[in-house]
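Read the structure below first, then the notes.
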Amino acid sequence: MKIKWVKYLVLIVVAGLLAYNSVYFKKLNGKKATLQTNLDPAQFARSFWKDKFANYLDSAVDINSFLKLLKDDPNGAFTKYAKTQGIGNTSCFLLKAEGQIIEVKEDEIMVKINSDVAETKVKLNTGLYFGNAIRDVTGLIKMGDFGNTIDYNSVSSELNKIVQAEVISPLKTKVKKGDTVSFIGCTEINKEQINIDNIELLPVKILLNK
Amino acid sequence: MKKITLLSFLLALFSLFAFTACNNGGKEKQKSKKMAIVVSTLNNPWFVFLAETAAAKAKALGYETKIFDSQNNTAVESDHFENILVGDYCAILFNPTDADGSVANVKKAKEAGVPVFCMDREINAKGLATSQILSDGYSGSVEIAKYFVEQMNKKGTYVELLGITGDNNTRARSTGFHSVVDNYPDLKMVAQQSADFDRNKGMEVMESMLQAHPDITGVFCGNDAMAMGAYQALVSAGKDKTVKVFGFDGAEDAIKSIKENKLVATGMQFPKIMAEKAAEFADAYYKGKRDFEEKIPVAVELVTIKNVDKYMGYGKK
């Protein structure tokens with residue numbers, strides 16, 4: 001009698017374990033992680049520009065102190081201020097400055113920067129821009145955030161369109177030689193080809209004083 | 001009687017351990033120090049270099065290696081994964097054939113507890129590959145396109161040879177290129193066709209394009225193999241001096257060709273960095289590291305006659 005009882009118990013345990021191992025429970029988050037994203041790059045860029053990029057502008061570095069550090073200690077300047085995506089020599093920097101416009105061309109504006117130390121001129125790019133500085137300069141957008149690199153690159157392209165439409169185009173209609181200006185701009189610098197006499201910035205915020 | 005009871009109890013206990021082991025232990029069991037290297041094709045020197053570099057690095061780190069050629073076919077790739085997953089490999093260094101078509105294979109490996117490290121090409125999924133070390137083809141093509149516009153003096157007609165249509169790199173390179181060139185209305189693309197990243201197909205497609213569009217002055221190719229094939233077709237047609245050819249990859253023959261003023265430019269992709277990084281990551285995983293950045297872009301650099309002396313095939317000097 002007892003043997004029968006034990007046999008039934010063993011059978012129940014085995015059946016129970018079989019049933020238990022036939023059903024798996026997984027977190028929904030883990031499942032979602034494997035799905036494709038349905039990203040709208042234009043909407044993502046707009047929301048990023050409004051909610052995150054605007055707040056990040058406060059962290060822009062004064063151009064005079066940045067250029068001095070870049071000249072004296074390039075590695076230190078990169079360690080302290082660079083935002084770099086992945087593996088490569090080019091990094092992005094967000095800089096702020098005040099100065100006077102000394103030349104206006106079709107696709108660029110030359111600005112003499114106010115400085116107590118040395119005369120510094122920088123070029124503001126007002127032509128077509130195709131790089132990734134706006135996407136990459138905050139370090140807040142990573143390739144791994146996206147299901148594929150196409151979305152990642154589309155976001156960059158959409159951010160460039162926003163800057164073109166809302167910063168550069170209005171600037172080009174009213175800028176004149178002699179205007180004083182305060183601005184924040186992104187620049188890309190290759191660690192192996194540093195040239196502090198040829199700094200080119202893409203303006204992301206600019207105020208003209210006539 | 002007591003013996004039978006004890007025996008039954010032990011049987012039940014054994015069953016419990018056995019099932020538990022099946023459920024979890026398989027994934028945690030330390031595997032052999034063997035890495036599988038699966039590449040989309042070995043019919044292109046660039047991918048041969050990628051595979052051999054990954055194998056060499058893995059060997060230097062103390063692993064046995066085996067290279068698998070997917071022959072640009074996801075079914076072949078799938079067979080390789082089946083064999084690898086029963087072969088006690090500790091990691092797969094993977095160059096996918098198709099961004100969507102290769103997802104299922106990576107999923108199988110993940111479920112079997114074998115980490116996958118993608119090299120150069122990505123899969124369209126998050127949370128499956130342990131890490132993806134990818135060429136930033138879009139930005140590289142933007143740089144090539146800026147130089148293309150300059151060299152073409154912002155005008156003329158051109159054709160484009162695309163790579164394999166299912167590969168994200170094909171799309172990234174093409175969209176990066178067009179994000180620049182399409183802003184110049186006097187630069188007109190008159191034909192666009194896939195040549196599957198293949199040199200012979202590149203030559204054939206170029207030959208037929210030349211018959212339909214004999215007046216083109218530029219060609220953008222999604223890789224150097226197609227660019228070399230296209231250049232060969234232009235030589236045969238006597239148009240190599242009037243049509244500017246632009247490639248992508250940084251292959252050895254392309255670098256040589258730029259030095260000889262044949263090809264105009266290419267994008268250097270650094271396969272050595274990607275392959276070695278993948279092997280290093282797999283080694284770190286074997287030793288217990290688990291927090292890897294899921295996708296890592298590797299910058300692509302523009303190579304032209306102005307800076308070609310700094311480069312050699314597949315990297316910098």
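Chain A is the first sequence line, chain B the second, and so forth, proteins listed ahead of strands; every chain is numbered from 1. No experiment lies behind these values; they were computed from the predicted model shown. Computed from heavy atoms alone, side chains included, the values below leave out hydrogens, waters and symmetry copies.
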Kindly determine whether E103(A) and K121(A) satisfy salt bridge (Lys or Arg N to Asp or Glu O under 4.0 Å), including the steps that lead there.
CA-CA 11 Å; E103(A) 192 177 6; K121(A) 290 175 196 167; over 6 Å; no
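- Heavy atoms of E143(B) lying under 4.5 Å from chain A are absent altogether.
- Considering only heavy-atom pairs separated by less than 4.5 Å from chain A, the leading option among E294(B), K316(B), M274(B) is K316(B).
- When F81(B), F281(B), F117(B) are each tested for a ring-ring contact (aromatic ring centres under 6.0 Å, His included) with F94(B), only one passes: F81(B).
- Taking V142(B), I296(B), V180(B), L134(B) one by one and counting their heavy-atom pairs under 4.5 Å with chain A, the maximum is reached by V180(B).
- In this structure, K306(B) pairs ionically with E150(B), as a charged nitrogen and a carboxylate oxygen lie closer than 4.0 Å.
- Closest non-hydrogen pair, G222(B) versus R173(B), comes out as O-NH1, 2.6 Å.
- Shortest non-hydrogen contact noted between T84(A) and S91(A) is OG1-OG, 2.6 Å.
- Interface residue Y184(B): only side-chain heavy atoms are found under 4.5 Å from chain A.
- Checking each of F220(B), F148(B), Y158(B), F177(B) against F246(B) for a ring-ring contact (aromatic ring centres under 6.0 Å, His included) leaves exactly one that passes, namely F148(B).
- Side-chain atoms of T149(A) and K295(B) form no donor-acceptor pair, as typed in the model, at a separation below 3.5 Å.
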Using the ring-ring contact (aromatic ring centres under 6.0 Å, His included) rule, take F197(B) and F47(B) through it: C-alpha gap first, then chi angles, then the decisive distance, then the call.
CA-CA 11 Å; F197(B) 288 137; F47(B) 291 103; 7.3 Å; no
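- When each of T175(B), V298(B), V300(B) is scored by its heavy-atom pairs under 4.5 Å with chain A, the top score falls to V298(B).
- Inspection of non-hydrogen atoms places F130(A), N132(A) of residues 129-141 of chain A under 4.5 Å from chain B.
- Proximity to chain A (any heavy atom under 4.5 Å) is restricted, for D136(B), to the side chain, taken from C-beta onward.
- When all heavy atoms of I194(A) and F78(A) are compared, the closest pair comes out as CD1-CE1, 3.9 Å.
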